[in-house]
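Naming: A, B, ... by sequence-line order, numbering from 1 per chain. What's counted below: heavy atoms across the whole structure, side chains too, no hydrogens, waters or symmetry copies.
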2 protein chains.
Amino acid sequence: MTTTTPHTRDRLLDSAERLFAENGVNATSLRHITNDAEANLASVNYHFGSKEELFRQVFARRIGPINEERLRLLDTCEAQGRPSLECVLEAFLAPTLRLRSDPEQGGEYFMCLMGRLFSEPTEWKTMLMEEFSEIFQRFGTALQMALPEHAPADLTWHLFFTIGAMAHLMTAGDLLKTFTQDRCDPADVEGTLRRLVDFSAAGFRGASRGESP
Amino acid sequence: MTTTTPHTRDRLLDSAERLFAENGVNATSLRHITNDAEANLASVNYHFGSKEELFRQVFARRIGPINEERLRLLDTCEAQGRPSLECVLEAFLAPTLRLRSDPEQGGEYFMCLMGRLFSEPTEWKTMLMEEFSEIFQRFGTALQMALPEHAPADLTWHLFFTIGAMAHLMTAGDLLKTFTQDRCDPADVEGTLRRLVDFSAAGFRGASRGESP
DNA sequence: GTCTATATAGCGATAGAC
DNA sequence: GTCTATCGCTATATAGAC
């Protein structure tokens with residue numbers, strides 16, 4: 001299969017992904033997108049029907065493969081008996097943090113966009129949660145296997161804190177780099193991943209209250 | 001001093017704060033705000049000159065007292081020699097998390113609004129950072145006193161992760177409650193605070209690499 | 001200080017020619 | 001599938017009466 005110039009539909013998705021990430025969904029007009037994609041204003045409605053449907057498809061084409069990768073990595077953790085906490089956390093965190101160095105999958109643009117959905121007030125947050133529910137189910141079980149004596153509620157709280165740290169890296173990592181004058185740089189993806197896995201694992205292990213749910 | 005009906009200017013600030021938090025800054029029009037405040041559309045421009053200046057003042061009237069409270073609590077930690085890690089973390093986290101039960105200071109509306117600024121793409125993020133730079137300076141020093149053998153870069157990374165978890169609580173705490181069918185409820189402010197302090201403290205202590213910066 | 005009315009611009013969406 | 005032209009609406013901001 002030879003590579004040709006992407007069709008209008010794909011150029012629209014790429015431009016929308018980048019502009020939504022850089023400026024926000026509401027702040028990005030269809031005119032910005034079609035100008036950037038060198039397409040006609042009417043092409044968005046022809047290909048997607050509405051701005052909302054365009055956004056849904058920007059999101060949908062990336063999130064599936066990311067969550068499949070999460071489950072694949074989790075399967076690897078569980079292949080040899082009880083999974084280690086670090087392995088489970090890495091399986092959860094790596095597929096999104098590694099987006100930063102994977103332009104083929106939307107790179108930092110999609111990463112930033114996804115991170116911001118957690119704090120959006122609108123219906124977009126619901127979209128994210130629908131895609132996440134199976135993931136939470138599976139990782140909740142895996143965490144319980146890795147830390148069998150911890151209370152389920154503790155695991156939920158700690159996973160929530162971990163997701164917060166992950167989302168902050170996804171949306172505000174550039175701020176950390178600027179603020180520390182490059183001494184802390186999230187562009188070192190594997191180093192950042194290990195730091196977050198180690199921090200969270202210590203938090204999970206050290207902060208449990210051991211109470212029943 | 002007796003309490004009277006708030007003046008238009010204050011009603012505008014209150015309505016803007018709530019609507020900005022609930023629906024986002026860009027998505028909230030001056031018409032929404034003036035309708036909610038039972039004021040005239042032109043009153044925003046009379047009192048503030050522009051929507052941007054209105055937002056700046058919504059933010060400015062709350063952030064000062066919050067950061068003063070942070071420094072006051074930090075002074076208490078440091079009053080008797082080397083501060084404990086937990087005390088420093090609580091001094092940083094408590095003033096924002098406690099907003100949830102303090103309607104006098106904007107309550108969950110302002111809390112949610114502030115949390116979202118971390119992931120906003122625009123100039124608003126810069127505003128937040130300007131207010132934060134003294135805070136980071138002071139808490140960075142305090143953390144180094146609490147954990148003298150830890151590398152400064154480690155402390156920076158770990159504070160960044162902690163801020164991410166805090167921001168996630170501020171913006172998506174309702175999601176945790178819904179998703180767990182009320183088993184985890186951020187409305188229990190002091191319980192939530194202790195959980196986050198314990199989790200972060202364990203992360204700080206357990207995840208340090210002990211390298212030089 | 002508060003009102004009505006409006007200026008000016010940008011928005012999403014669509015009709016209809018090609 | 002892609003284009004031009006435009007509809008109908010909403011936005012921020014302002015002018016000027018009261």
Side-chain angles (χ1 to χ4, degrees), chain A residues 2-61 113 116-117 120-124 126-127, chain B residues 2-61 113 116-117 120-124 126-127:
Chain A
T2 61
T3 316
T4 64
T5 301
H7 288 166
T8 298
R9 191 192 140 87
D10 295 312
R11 293 204 316 277
L12 288 171
L13 285 170
D14 290 341
S15 291
E17 179 174 71
R18 204 189 78 245
L19 293 171
F20 284 160
E22 287 179 347
N23 308 315
V25 179
N26 281 330
T28 301
S29 70
L30 298 184
R31 283 166 176 82
H32 295 147
I33 294 167
T34 50
N35 284 346
D36 187 85
E38 298 181 88
N40 189 272
L41 173 60
S43 61
V44 169
N45 261 268
Y46 176 78
H47 285 287
F48 301 98
S50 71
K51 184 181 179 178
E52 167 156 350
E53 185 58 26
L54 168 61
F55 178 79
R56 299 189 88 87
Q57 303 220 16
V58 164
F59 186 69
R61 75 170 170 164
L113 181 59
R116 195 178 312 131
L117 288 188
E120 289 263 323
T122 57
E123 63 274 18
W124 312 127
T126 311
M127 192 188 317
Chain B
T2 61
T3 315
T4 64
T5 301
H7 288 166
T8 298
R9 191 192 141 88
D10 296 312
R11 293 204 317 276
L12 289 172
L13 285 170
D14 291 341
S15 291
E17 180 174 72
R18 204 189 77 245
L19 293 171
F20 284 161
E22 287 178 347
N23 308 315
V25 179
N26 281 330
T28 302
S29 71
L30 298 184
R31 282 171 175 77
H32 295 147
I33 294 166
T34 51
N35 283 347
D36 187 85
E38 297 181 270
N40 189 273
L41 173 59
S43 61
V44 169
N45 262 266
Y46 177 78
H47 287 286
F48 302 98
S50 70
K51 183 182 180 179
E52 167 155 351
E53 186 57 26
L54 168 61
F55 179 79
R56 298 190 88 87
Q57 303 220 18
V58 164
F59 187 69
R61 74 169 171 167
L113 181 58
R116 195 179 311 132
L117 288 188
E120 289 264 322
T122 57
E123 63 275 17
W124 313 126
T126 310
M127 191 187 318

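Every side chain to side chain contact (heavy atoms under 4.5 Å, CB included) that B/N45 has, sequence neighbours left out, goes to B/L30. Residues satisfying the ring-ring contact (aromatic ring centres under 6.0 Å, His included) test with A/F55, not counting sequence neighbours, are A/F20, A/W124. Qualifying salt bridge (charged side-chain N to carboxylate O under 4.0 Å, His left out) partners for B/R9, counting only residues two or more places apart in sequence or in other chains: none. Applying the side chain to side chain contact (heavy atoms under 4.5 Å, CB included) criterion to A/D10, with sequence neighbours excluded, gives A/P6, A/H7, A/L13.
Residue B/S43 has no polar side-chain atom (N or O) positioned under 4.0 Å from OP1 or OP2 of C/dC3. Taking 4.0 angstrom as the limit, B/N40 places none of its side-chain polar atoms (N or O) nearer than this to OP1 or OP2 of C/dG1. Remark: A/T8 is not in phosphate contact with D/dG1, judged by side-chain N or O atoms under 4.0 Å from OP1 or OP2.
Residues in residues 22-50 of chain A take part in no ring-ring contact (aromatic ring centres under 6.0 Å, His included) pair, two or more places apart or across chains. Listed by first and then second residue, the salt bridge (charged side-chain N to carboxylate O under 4.0 Å, His left out) pairs that reach into residues 40-55 of chain A are A/E52-A/R56, sequence neighbours excluded. Every pair passing salt bridge (charged side-chain N to carboxylate O under 4.0 Å, His left out) that includes a residue from residues 28-40 of chain A is listed here, sequence neighbours excluded: A/R18-A/D36.
When rounded to the nearest whole Å, the span between CZ of A/F48 and P of D/dT2 equals 11 Å. Distance B/E38 CD to C/dC3 C1': 16 Å, rounded to the nearest Å. The interatomic distance linking A/R9 (CZ) with D/dT2 (P) rounds to 12 Å, in whole Å. Atom CG of A/D10 is separated from atom C1' of D/dG1 by 14 Å (rounded to the nearest Å).
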Give me the distances for all protein-to-nucleotides 14-18 of chain D N/O pairs that come in under 3.5 Å?
unit_1 : atom_1 : unit_2 : atom_2 : d
D/dT14 : OP2    : B/N45  : OD1    : 3.2

Pairs under 3.5 Å (N/O, protein and nucleotides 8-11 of chain C):
unit_1 : atom_1 : unit_2 : atom_2 : d
C/dC11 : OP1    : A/S29  : OG     : 2.9

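Contact check for A/T34 versus A/N40: no side-chain heavy atoms found under the 4.5 Å cut-off.
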